Amino acid sequence: MADKVFQREREFTKAYQRHINDHPAIREAACLKAQYPGALGPIEAGDLFAGRIRPAAVGFTPDEWGQTAFGYYHLPARFKEVLQRSDLSPEDRAEIEAMLEFWSKENTSTKVRARYTPEMLEVMPSDNWMNEPGMVFPLYRLCGAYPNYGKLVTLGLPGLRQEIRSAQENAERAGGDGELFAGMIAALDVLADSCQFYADEALRLADTAGAERARELRIMAEVLQAIKTEAPRTFREAIQLMWLYSIVADVRNYGRMDVYLGDFLAADLDGGRLTEAEALKLLQSLWQLMADRNTRVHGRVIIGGKGRPNEANADRFALLAMEATRTVLEIEPQLSLRFYEGMNPALMEKALEVIGEGRTYPILYNDDVNIPAVEHAFELPQEEAEQYVPFGCGEYIINHRSFGTPSGVINLLKCLEVTMRNGVDPTTGERVGLELGDLSSFATFDELFEAYKRQVEYLVDFMAMQEQMEYEVVGETMANLYLSMLYDDCIERGKGIFSGGIRYLGGTLETYGNTNTADSLTAIKKLVYEEKRISPEELLAALDSNFEGYEHIREQLLAAPKYGNDDPEADSMAVAVHEHVCHTVRNQREKTDLHSYLVVIINNSANTLMGRWTAASPDGRKARVSMANGNNPTGGMDKKGITAMLNSLVKLDPAIHAGAVQNMKFSPELFTSNRDKLQALLKAYFDNGGAQAMITVVNRGDLEAAMREPEKYQHIFVRVGGFSARFVELDRDVQLEILSRTLY
Amino acid sequence: MHGMIFDIQRASFHDGPGIRTTVFLKGCPLRCQWCHNPESWSFEQEVFYNHDGTTQVVGKHYTVDEVMAEVVADRAYYESSGGGVTLSGGEPMAQFPFSLALLKECKAQGIHTCMETCGHAPTDRYKAILPHVDLFLFDYKATGPDHKRYTGVGQELILANLEVLYEAGAEIILRCPLIPGINDSQEHFQAIAQLEKKYPRLRGIEIMVYHNLGNDKAKRLRRDPALPGLPNPSKETSQAWLDALRELGCEKVKIG
């Protein structure tokens with residue numbers, strides 16, 4: 001029998017409405033029960049593990065679905081689609097319309113926005129950062145959860161249940177409320193039911209499958225039955241449990257996998273229960289499931305690094321994970337290798353082998369720089385900092401102890417653009433910023449720079465406030481049961497993760513246009529104020545006409561020193577811009593209740609998308625062109641070689657933000673013919689203070705050919721910024737931005 | 001004291017061991033027809049007339065300190081890779097006082113030094129510079145009368161200087177540009193093989209396969225390329241050269 005239209009959405013909505021006045025944990029548990037197993041996708045051919053997701057148009061997620069959909073979310077586009085159907089009965093239409101009306105007020109994003117002060121609404125008039133000009137935009141989401149997978153696979157469902165039950169009994173004995181724990185138990189039931197759901201499906205599929213596939217499916221069913229009632233005993237069981245949890249909880253980053261799976265792997269290999277080849281096959285299947293999930297910017301698997309108690313076993317897993325990445329040609333998981341001086345060198349060798357094949361993974365993280373940086377930026381002791389993990393596009397948080405959702409974006413180049421024009425955005429002619437005078441009214445460069453700083457500082461106050469409000473709304477309206485049960489301190493404190501349970505609640509602000517802003521300021525300082533070769537009026541006229549008729553001005557601007565050449569003049573400006581925005585943001589921890597509020601220079605394709613809405617800039621960049629990626633030089637402007645570029649990169653202090661991405665594009669020849677020199681190059685960069693490297697290995701000719709004949713070049717993977725992509729699937733201007741990056 | 005320099009290329013992977021900073025000195029006594037750096041011939045500043053209508057001045061005066069400021073910035077990369085500084089050109093020996101001072105300063109700062117040279121300079125200057133050069137990349141361009149024909153100078157002084165450097169214990173890699181139809185002759189290959197036998201301590205022999213990127217530069221200098229239309233040799237051709245040299249007993253030869 002066919003389901004009714006929007007059946008899942010109706011059930012979810014009814015559960016929510018029935019419990020609308022109940023404790024958030026109870027309401028959430030009821031919603032989860034309504035959401036699953038409906039939101040579970042079928043087992044697909046070749047899957048060795050069960051767990052696929054198919055989100056409904058209404059639901060609950062601790063992350064985000066779509067642009068502004070998170071928490072209790074609804075997807076208006078899907079409503080619109082179904083309401084356009086001609087075969088919809090009047091009753092169905094009425095019910096769906098009522099649901100849409102209900103959720104358009106009750107969804108979490110709307111609740112966040114409803115809380116904004118009039119001033120905040122003025123500063124952030126729009127949510128549509130991809131399609132409208134603006135200096136700052138809010139992002140409605142929670143993201144980057146790293147629950148304690150290790151605890152999950154060690155205790156299993158029964159152990160976790162027991163721990164929660166005893167916490168519940170203690171709470172109730174002490175006269176407190178046990179509803180949070182009751183919600184957690186119910187959430188565990190949903191997880192156990194999901195095991196059963198998939199076990200049944202696997203057996204059903206086995207009935208009609210060929211012999212080999214039937215065997216795989218029966219093993220899958222056995223594994224699911226086992227983890228439903230017992231803690232995992234094998235590598236396979238541990239993977240199945242972590243995977244199904246991540247699907248049902250909708251958590252999209254997978255933790256320090258070598259730590260929590262390394263012992264299972266080693267025990268199975270050494271005990272003769274599993275061969276290397278079989279283990280690899282399991283990981284390949286897991287990798288494929290992650291790839292098909294297509295989170296785009298998440299899917300992090302962390303391997304290597306300090307703070308691993310079982311280093312030898314973890315290394316064995318890490319090597320296998322890299323082999324899985326080498327052989328599964330997909331853009332997820334975002335395999336990330338933490339390393340330090342003294343770590344087993346086989347890991348870095350394997351990493352370079354995989355990167356050299358053009359895989360863009362693993363992404364490299366230098367613990368010797370990052371751990372002290374995290375200690376300082378987050379003000380944490382070393383043993384906490386050792387548990388840093390990059391999520392999503394590269395924001396650091398502390399594994400199962402902290403959160404750092406990027407809840408806003410700021411376009412620094414737009415801030416400068418508006419500052420030079422007395423608060424007016426030249427792309428719209430509207431006054432959007434503080435009126436501090438225009439370029440000709442600043443007598444000195446310092447006056448201009450101060451005005452820019454004030455513009456940025458004014459905005460950042462609101463962004464931090466916005467982040468805190470977002471968490472407050474979340475803490476009031478949901479318990480985030482799956483996260484709370486696996487985030488440190490929540491069970492002990494008897495509090496939901498965002499209701500006082502989490503140890504370190506932090507936030508982050510994504511900055512864009514950093515490099516173009518710095519290079520623009522360098523050019524203005526030199527040409528307008530020091531050498532007086534261009535007048536302020538002339539500069540603005542040239543920018544406003546996108547350099548048409550002002551080619552000679554543009555030539556001078558382009559010839560001014562540029563960041564990325566180890567040039568003291570350009571780089572010191574980059575440092576000044578970097579330190580200003582990083583400190584301004586970081587100081588918000590004093591003004592808000594957030595444990596930390598930090599800049600992330602992570603980039604995705606926002607440098608391109610926001611560039612489309614940014615006018616011509618004094619660094620010589622034309623209107624609507626991509627801004628530079630992360631804190632990398634503008635493509636093609638780093639002319640002094642890779643070492644000079646790397647020297648520029650390391651001048652930007654990593655200890656005052658929560659992560660920055662360093663993209664490097666190398667030719668395959670460098671990897672094949674000069675591997676030893678390349679290794680030495682990276683070593684010196686990391687010794688000099690390089691925190692991170694994301695390496696794309698590709699020929700320029702192949703990229704150009706891929707733009708002409710995309711169907712033939714599906715295999716080319718590039719690092720966009722905070723995520724990897726198949727080159728042929730990117731927008732044309734994103735492709736051009738990648739092509740423009742200097743190839744070493 | 002100033003040197004006339006037309007480029008400082010950091011992160012060079014092909015001009016000696018490790019990661020290097022290559023300093024290209026402007027001005028050369030030779031006029032090799034295949035030269036891929038025609039802007040390196042004159043000791044004066046010149047102008048590139050670019051195809052897009054812009055112009056670009058080639059050549060700039062540097063003090064030793066100015067060069068060193070760029071050189072030391074990459075010290076970490078030299079140390080991790082066993083690299084250092086390479087003087088190239090043009091012909092570094094043609095700006096002898098400056099090159100000597102620069103090399104001395106590099107050595108004083110503990111930086112490994114290479115010098116690429118055509119070998120055509122007064123012998124006493126080679127003797128004077130020898131203590132400050134860790135490795136010579138010494139060109140062997142043509143054999144017999146061909147040398148004068150294709151480079152503008154005879155090879156007697158060059159061979160004498162090679163002998164002097166070798167006997168004085170210098171570390172030397174022989175660099176042999178191979179140009180199809182010009183010097184890819186059996187006679188020239190035999191001469192190379194004989195040098196390997198004669199100088200057993202040679203650290204290596206690198207053949208430098210012709211490429212025609214210099215033609216465009218010549219045009220931008222408003223000069224006629226000496227070898228217009230000569231295509232770049234195929235991989236098979238360069239492999240055949242390598243095989244031919246090995247056949248003649250060259251053991252140290254590889255493609256540079």
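Reminder, nothing fancy here: chain letters follow the sequence lines and each chain counts from 1. Every heavy atom of this structure was used, including side-chain atoms; hydrogens, water molecules and symmetry mates were not. In this text the structure is predicted, and so the values were computed from the model without any measurement.
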Residue part contacting chain B, namely of L682(A), when any heavy atom lies under 4.5 Å: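 Neither part; nothing is under 4.5 Å.
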N688(A) versus chain B, the contacting section by heavy-atom distance below 4.5 Å: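 Contact with chain B is through the side chain of N688(A) alone.
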Any residue of residues 40-66 of chain B which, by heavy atoms, sits under 4.5 Å from chain A: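 Near chain A, by residue number: T54(B).
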Lys/Arg N to Asp/Glu carboxylate O, R20(B) vs D74(B), below 4.0 Å: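 Answer for the salt bridge query: no.
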Proximal component of Q9(B), with respect to chain A [non-hydrogen, under 4.5 Å]: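 It is neither, since no heavy atom gets under 4.5 Å.
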Close aromatic pair by centroid cut-off 6.0 Å: F686(A) and F339(A):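 That pair passes the under 6.0 Å test.
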Is it the case that the side chain of [X] and the backbone of [Y] share a donor-acceptor pair, with hydrogens and angles ignored and the cut-off at 3.5 Å?
| X | Y | value |
| --- | --- | --- |
| T113(B) | D134(B) | yes |
| N632(A) | N663(A) | yes |
| N37(B) | G214(B) | no |

Parallel, tilted or perpendicular: rings of F666(A) and Y744(A) (30°, 60°):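 Aromatic pair Y744(A)/F666(A) classed tilted.
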Full working for ring-ring contact (aromatic ring centres under 6.0 Å, His included) between Y140(B) and H188(B): CA-CA 10 Å; Y140(B) 185 75; H188(B) 184 51; 5.4 Å; yes
Greatest number of heavy atom pairs closer than 4.5 Å to chain A - which of E79(B), R75(B), E70(B):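 Between E79(B), R75(B), E70(B), the count favours E70(B).
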Close side-chain approach of T21(B) to T86(B), heavy-atom, < 4.5 Å: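 Of all side-chain heavy-atom pairs linking T86(B) with T21(B), none is under 4.5 Å.
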